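A short write-up of the structure that comes next.
Throughout, protein chains are lettered first and strands after them, A, B, ... in sequence-line order, and every chain is numbered starting at 1. If you're wondering where the values come from, they're calculated on a predicted model, not measured in any experiment.
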Amino acid sequence: MSMPQEIDFEVDADDLSFATLNKELGTPSLVVDDLYITYKVWGGKKVGTGSAKQRRVRRALDRSREHVGAITSVEAVRGISFVARHGESIGIVGVNGSGKSTLLRAIAGLHPPTAGSVFVSGEPSLLGVNAVLMGSLTGERNIMIGGLALGLTPTQVRERFDEIVDYSGIGDAIYMPMDAYSSGMGARLRFAISSAAVPDVLMIDEALATGDAAFRNKSKERIDEIRNNAGTVFLVSHSLATVEAMCTRTLWIHQGKLVMDGPSHDVCEAYRAFVRASDKR
Amino acid sequence: MSAPAQSSGLTARDGAGLQAVPDGIDVPQHPLVVPTAGAVPEPLGPLLAPDAMREIAEASGLRQMGVRPPLREYIRSVWARRAFIRELGSAKAYARNQGSYLGQAWAVLNPLLNAIVYVIIFGLLVHTTRGTANGIAFIVVGTFIYRFFDASVSAGGRSIKGNLSLVRSVHFPRAALPVSSVVTEAATLAPALAVMCVVAWLSGFMPGYAPVPITWRLLFLPVAIVLMWMFNTGMAFITARWVAVTPDIENVIPFVLRFVMYGSGVLFSISHFVTHPGISHVLQYQPVAVYLYLCRSTVLNEPSIPIDAPSMWIAGVVWALLFLVGGFLYFWRSEQRYGRD
């Protein structure tokens with residue numbers, strides 16, 4: 001296993017000094033039952049550094065097999081079950097490659113389960129780091145395309161256009177192609193688009209990492225708003241301070257399995273202890 | 001590293017086991033097991049039996065993800081995204097001509113240059129168009145219309161892979177992608193059609209080429225294009241599924257397309273060159289050749305390509321419906337598989 005290296009460098013807890021929303025939880029909004037996800041990776045085979053004693057023909061055959069049909073299957077999620085409820089905000093922590101993003105993609109319906117099942121309320125919306133909509137198009141057209149893809153009507157998108165631009169706070173850059181945006185500007189706009197439709201389930205995959213402090217405060221407000229509208233928010237972040245400040249409950253995923261599920265404070269404490277212990281090793 | 005020490009709004013603080021919510025659904029929860037400092041806790045297994053979990057989900061009105069939606073619902077959700085399809089298709093057509101000084105002028109210049117190449121090579125240098133009254137117009141119409149088919153099939157094949165960032169970030173019926181990729185090609189075709197008609201008309205003034213007058217028949221060109229559009233969309237569905245499931249097929253498509261091009265009489269008249277009656281019939285009634293015939297019959301003034309050929313129009317309608325419906329069903333049957341890595 002690779003050495004986990006996760007340091008909280010993004011947020012001071014002081015930046016996020018707002019009180020976490022205190023509200024009653026509603027009915028289940030998401031049921032994940034014994035979920036397994038295996039996917040294919042193309043071109044991922046070990047390059048043979050095998051022993052020199054092997055016969056030349058054999059080696060040539062092995063060598064060719066590395067380049068033709070090089071497919072590996074990866075078990076990213078291995079038996080995860082949990083139930084999330086309306087009004088909950090849930091953080092997901094775990095080392096790199098533990099299956100956090102894959103889990104979110106399966107919840108969003110972007111990755112079909114190999115076994116087990118996912119049940120969800122409404123149209124879930126996933127906000128990831130690399131979710132550039134159309135790089136060659138202007139922010140303006142991306143708002144239209146993104147909004148329509150989320151299921152809004154053209155009139156609804158036009159009504160919310162100013163609000164989205166205001167919220168993203170990127171000003172006249174909205175008329176420039178998204179390729180020209182900085183990663184922070186892109187993240188702002190994507191967040192503004194994704195949350196414009198007020199989804200029942202919003203999943204945020206490290207997308208807040210590139211934003212500045214002001215943007216994170218805004219995101220926090222929007223997340224609370226979604227929870228107030230009885231939505232559920234998932235947040236994957238390597239910043240434990242962000243998770244603790246924004247989420248009431250946290251899941252710790254380790255090697256594709258759920259190992260801890262409970263109040264953010266308890267889970268983050270245990271996870272932090274684990275990270276410290278493995279750093280020392 | 002200080003952390004805000006509040007356990008906040010979670011009412012289920014002590015909650016191992018089941019917990020009742022207002023609607024009377026018991027929500028299962030994992031017990032909170034605090035591990036010894038620095039250790040990874042034991043993995044948490046399934047909460048309840050699959051049937052019990054499904055029951056909870058159904059009682060809360062949840063929908064299962066990652067399974068193929070029923071056909072009727074799927075058609076409805078594609079139809080609901082028609083504005084999205086149009087917007088995405090036209091935005092892509094626009095983006096195609098970005099990044100050059102002349103910008104959108106290339107939408108017209110590109111087909112014009114294309115036409116000039118064919119006029120010089122096939123009209124003036126090589127005479128492949130025996131049996132036609134105006135070879136230049138014949139080839140120009142053929143290549144422009146064939147390009148619509150060719151581009152639609154290739155774009156359909158790329159429609160899932162090429163929009164992966166969109167596929168990975170938003171959940172929508174994937175059938176919107178092949179449809180919008182053909183919309184992009186149709187948007188590119190519109191200015192090309194104007195160039196095509198003008199070039200065909202001008203070629204009539206060249207010595208040795210029969211005139212191509214503008215007649216009422218031109219009114220049927222949009223009808224022929226719409227039929228071909230339907231057929232192309234069906235083809236795009238089919239190639240989209242093939243390439244999404246087996247990426248290797250994308251490498252084969254160009255060769256197949258080249259083969260179809262020679263088998264469709266783009267550069268020559270099938271009835272004139274292919275003498276075997278059986279083969280000639282098959283070649284003439286295959287879909288691409290049918291649409292080439294229909295478009296030519298509306299634009300050109302060829303005695304060998306009359307517009308009042310009911311069998312050709314019927315074939316055009318049948319192929320369009322067959323491929324559109326069949327392609328859609330074929331694409332839908334694999335809906336849950338698109339967007340995997």
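Ranked by heavy-atom pairs under 4.5 Å with chain B, the list V120(A), V31(A), I107(A), L35(A) is led by V120(A). Contact count versus chain B (heavy atoms, under 4.5 Å) is highest, among G151(A), P154(A), G116(A), for G151(A). Highest contact tally toward chain A, considering only P41(B), G61(B), P247(B), is held by P41(B) [criterion: heavy-atom pairs under 4.5 Å]. Put simply, of A270(A), G109(A), A149(A), G122(A), the one with the most heavy-atom pairs under 4.5 Å next to chain B is A149(A).
Interface remark: R63(B) contributes backbone and side-chain atoms alike to the contact with chain A (heavy atom separation under 4.5 Å). In this structure, chain A has heavy atoms under 4.5 Å from both the backbone and the side chain of S90(B). Only the backbone of A39(B) comes within contact range of chain A, with heavy atoms under 4.5 Å apart. In this structure, chain A has a heavy atom under 4.5 Å from the backbone of E42(B), while its side chain stays farther away. Contacts of T138(A) with chain B are absent, with no heavy-atom separation under 4.5 Å from either backbone or side chain. Of the two parts of V33(B), only the backbone, made up of N, CA, C and O, holds a non-hydrogen atom closer than 4.5 Å to a non-hydrogen atom of chain A. Only the backbone of V32(A) comes within less than 4.5 Å of a heavy atom in chain B; its side chain stays farther off. Both the backbone and the side chain of D261(A) come within contact range of chain B, each with at least one heavy atom under 4.5 Å from a heavy atom of that chain.
Checked for salt-bridge contact, R249(A) and E88(A) meet the test: a charged N lies under 4.0 Å from a carboxylate O. Between D33(A) and R54(B) there is no salt bridge, since no side-chain nitrogen of the basic residue lies less than 4.0 Å from a carboxylate oxygen of the acidic one. Salt-bridge check for E87(B) with K92(B): failed, with every basic side-chain N at 4.0 Å or more from each acidic carboxylate O. Electrostatic pairing of R76(B) and E73(B) does not count as a salt bridge here, judged by no charged N lying under 4.0 Å from a carboxylate O.
Between F237(B) and F328(B), the ring planes are perpendicular. Angles over 60° get that label, and only those under 30° would be called parallel. The aromatic rings of Y330(B) and W242(B) stand perpendicular to each other, their planes meeting at an angle above 60°, with 30° marking the opposite boundary.
Summarising the geometry of P173(B) relative to S77(B), their closest heavy-atom pair is CG-OG, 3.5 Å, with the distance given to 0.1 Å.
A 4.5 Å side-chain heavy-atom check between F84(B) and M144(A) finds every atom pair outside the cut-off.
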